[in-house]
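Worksheet for the structure shown next.
Quick note: residue numbers are just sequence positions, from 1. What you are looking at is a predicted structure, and each value in this text was computed from that prediction instead of being measured.
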Amino acid sequence: MKYIKFLFLFLFIQVTAQQGGMWIPSLLEGMNEQEMKSLGSKLSAKDIYDVNNSSLKDAIGHFNGGCTSEVISSKGLILTNHHCGFGQIQSHSSLENDYLKNGFWAMNLAEELPNKNLFVEFIVRIEDVTTKALAGVTDAMSEREKQSAIDKNINAIKKSTKKEDWQLVKVSPFYKGNQYFSFVTERFEDIRLVGAPPSSIGKFGSDTDNWVFPRHTGDFSLFRIYADKNNRPAKYSKDNVPYKPKHFLPVSLDGVEEGDFTMVFGFPGRTNEYLPATAIKHITQEFNPSNIAIREAALKEIDAQMKASDAVRIKYASKQARIANAWKKWIGENLGIQKSNAIQQRIEFEEIFKKALKEKGLEGKYGNILPEFEKLYKDFSSINIKRRNFIEVFLVTNELMQMAFRSYELEMVAKNRPELYEKVKTSLTGRLKGIHKNYDVNVDKGVFKNVMPLYNKNFDAAIYESTSFTDLEKALQLLEGSPEEVVKKLNDDAAYAYAKPMIQEFYTQINPEFQQKNQPIVALQKQYMKALMGALPKARYFPDANSTLRVTYGQVRGYSPRDAVYYNPVSYLDGVIEKYVPGDYEFDVPQKLRDLYKAKDYGQYADKNGKVPVCFLGTNHTTGGNSGSPAIDANGNLVGLNFDRVWEGTMSDMNYDPEICRNIMVDLRYVLFIIDKYAGAKHLIDEMKLVHPKKK
């Protein structure tokens, strides 16, 4: 059985059992297509990705570079997660118009709200450009020389790629830099907010339910893409019109049941599925715990003050969610690695790898890789932790230190690159205004007191009483005058003077040492990937996620996280009411939703048992970036909206285990129910194409 598990890890699986993997949509013909059909799919590879005809990929948009969205009407209506659109919802909110608390619904096009710097990007076509990207690159070159040659080749590829004037070209590495693909894209920049449920629906369960099941969160929001009169990308203009997509997803009213095929199509961010055992051990036993402690200290203060003040809640809602998300994810990741015995399994797999090297006569070429990993990680671990701890304190959790950090960059430019001074000063001015838009000095001071001792025992919260950075007007006054005057004023500021030695240490010692020790690990990981493919060529290797378009397929399945516990794959509105705690910021339920439940006023959105499904589980292999991805049924219809993973399954970024790794999706019937019956926005339902694929 152990041997089978090792093979499973690297996808040596029979066609009928295939689960896991994030596959390039342009390469689905053959084995992937067969596997999908064995799981219940009725889609062909060309239904999913086709350059010459409209296909599912034309409905999948990269939402602001960090999430996924999908087109669900012929008028450019797009669906994504509530947490993906949270920043935009927050930006339009105020105490007078609290869209976070009350929700927002545009009842016509004129009421839809524009969003600065928000974009949605579609893939036009994907091409393998490995030969061109690696042209002239030899083993005799240093890593710097190799990368320089690759960068030049990529620039040449971008220039020579045929595209329309309004289209863009990206080139991304796959398989740790052993393969390269180009992407021709179209980026739309006039994206308007159409609808969002209140946070009591869109964030129901908040931190307590995050990364766990059963989940009862209506994590969705609606936007619309606008284009120019030629249906091409354009900056915001009142003359723009709703985008006419090449394809949009019909919405199934039949929902899902255990065993149904599901395909998640989106832009997963980052995974590291081919790490050696020593790397997984370092991450889960050393790296994660120190960062968990810092975020936990910050959240303790933020959560307390958000509960005490609505004004603070609005200001810090987005920041709190961002900090809490990774904090809880890392905890679950550690639990999953431990539960699945992943480190020991990886060690035993490495014995299989070494045996394969010997059998194929590759020991001389690749036999040094695993011992070298052990040596490199032993030397790398402490600086990796210290660097990340600095980032957590100075760039993630504490805003005063973040302002000092960005100001230090201005000082360095003033001294070393004066020609860039005005540009960097303008950027810093914008950052300061952005921070102060949602800033509370008491919250930040409390966070400072909690997190700084975890990085530097020498801390003094008195700097908050004498710094100019905590007041926007005074902070901007620091930037007035000549570069020399600005530098002097910065160095006279108490907070800046306190932070500067630590920032200097980061730039002159910590980060250089990190780069020096990380570079050989990156190079060795690339070699290890090549060695795996050479030693075990019959294995199937999907490339790690890198924010490019991917397909992952599976089925609706429950799971057992621990002894005597089993989670059914579907949760219902009943569970929302069961969790209801009046006035609680995580588990309050709007009166109207309670009234609809009491009256059983579900419209056409109940299942065959007369209940409204809320969320469901699947075996799809997902990660960050898949938030907002569509869950597509066997016929190409939208049935769910991906938004989370189960806690133990967050380890799937390093170790996908089909027994416990599950993604969590909002059932589209719940989305429709909230839009129609709760919000009364039936005009949006009328835009969509509702279908009954199971009643054919």
If only side-chain N and O atoms count, and only distance matters, is there a donor-acceptor pair under 3.5 Å linking [Y] with [X]?
{"X": "Asn334", "Y": "Thr284", "value": "no"}
{"X": "Asn626", "Y": "Asn642", "value": "no"}
{"X": "Thr217", "Y": "Asp219", "value": "no"}
{"X": "Thr271", "Y": "Asp544", "value": "yes"}
{"X": "Thr622", "Y": "Asn620", "value": "no"}
{"X": "Thr80", "Y": "Ser69", "value": "no"}
{"X": "Tyr541", "Y": "Glu273", "value": "no"}
{"X": "Ser252", "Y": "His692", "value": "no"}
{"X": "Asn210", "Y": "Lys203", "value": "no"}
{"X": "Asp190", "Y": "Tyr243", "value": "no"}

For the residue pair [X] and [Y], categorise the inter-ring angle as parallel (less than 30°), tilted (30 to 60°) or perpendicular (more than 60°).
{"X": "Phe204", "Y": "His216", "value": "perpendicular"}
{"X": "Phe267", "Y": "His62", "value": "parallel"}
{"X": "Tyr559", "Y": "Tyr567", "value": "tilted"}

Problem set entry | Heavy-atom donor-acceptor pair, Arg550 side chain to Met22 backbone, under 3.5 Å | yes
Problem set entry | Glu659 backbone acceptor or donor facing Asp657 side chain under 3.5 Å | yes
Exercise. Does Lys328 come within less than 4.0 Å of Glu333, counting only side-chain N to carboxylate O?
Worked result: no
Seminar exercise, completed: The residue among Phe261, Tyr553, Phe265 that forms side-chain contact (heavy atoms from CB on, under 4.5 Å) with Ile632 is Phe265
Nearest-0.5 Å distance that lies between atom [atom1] in [X] and atom [atom2] in [Y]:
{"X": "Phe643", "Y": "Ile664", "atom1": "CZ", "atom2": "CD1", "result": "5.5 Å"}
{"X": "Leu668", "Y": "Leu638", "atom1": "CG", "atom2": "CG", "result": "4.0 Å"}
{"X": "Leu617", "Y": "Arg645", "atom1": "CG", "atom2": "CZ", "result": "13.5 Å"}

Exercise. Taking the six-membered ring for Trp, are the ring centroids of Phe220 and His82 within less than 6.0 Å of each other?
Worked result: no
Exercise. Is the centre of the Tyr605 ring less than 6.0 Å from the centre of the Tyr670 ring?
Worked result: no
Problem set entry | Residues Ile60, Leu56; criterion side-chain contact (heavy atoms from CB on, under 4.5 Å); working and verdict | CA-CA 7 Å; Ile60 315 302; Leu56 292 178; 5.5 Å; no
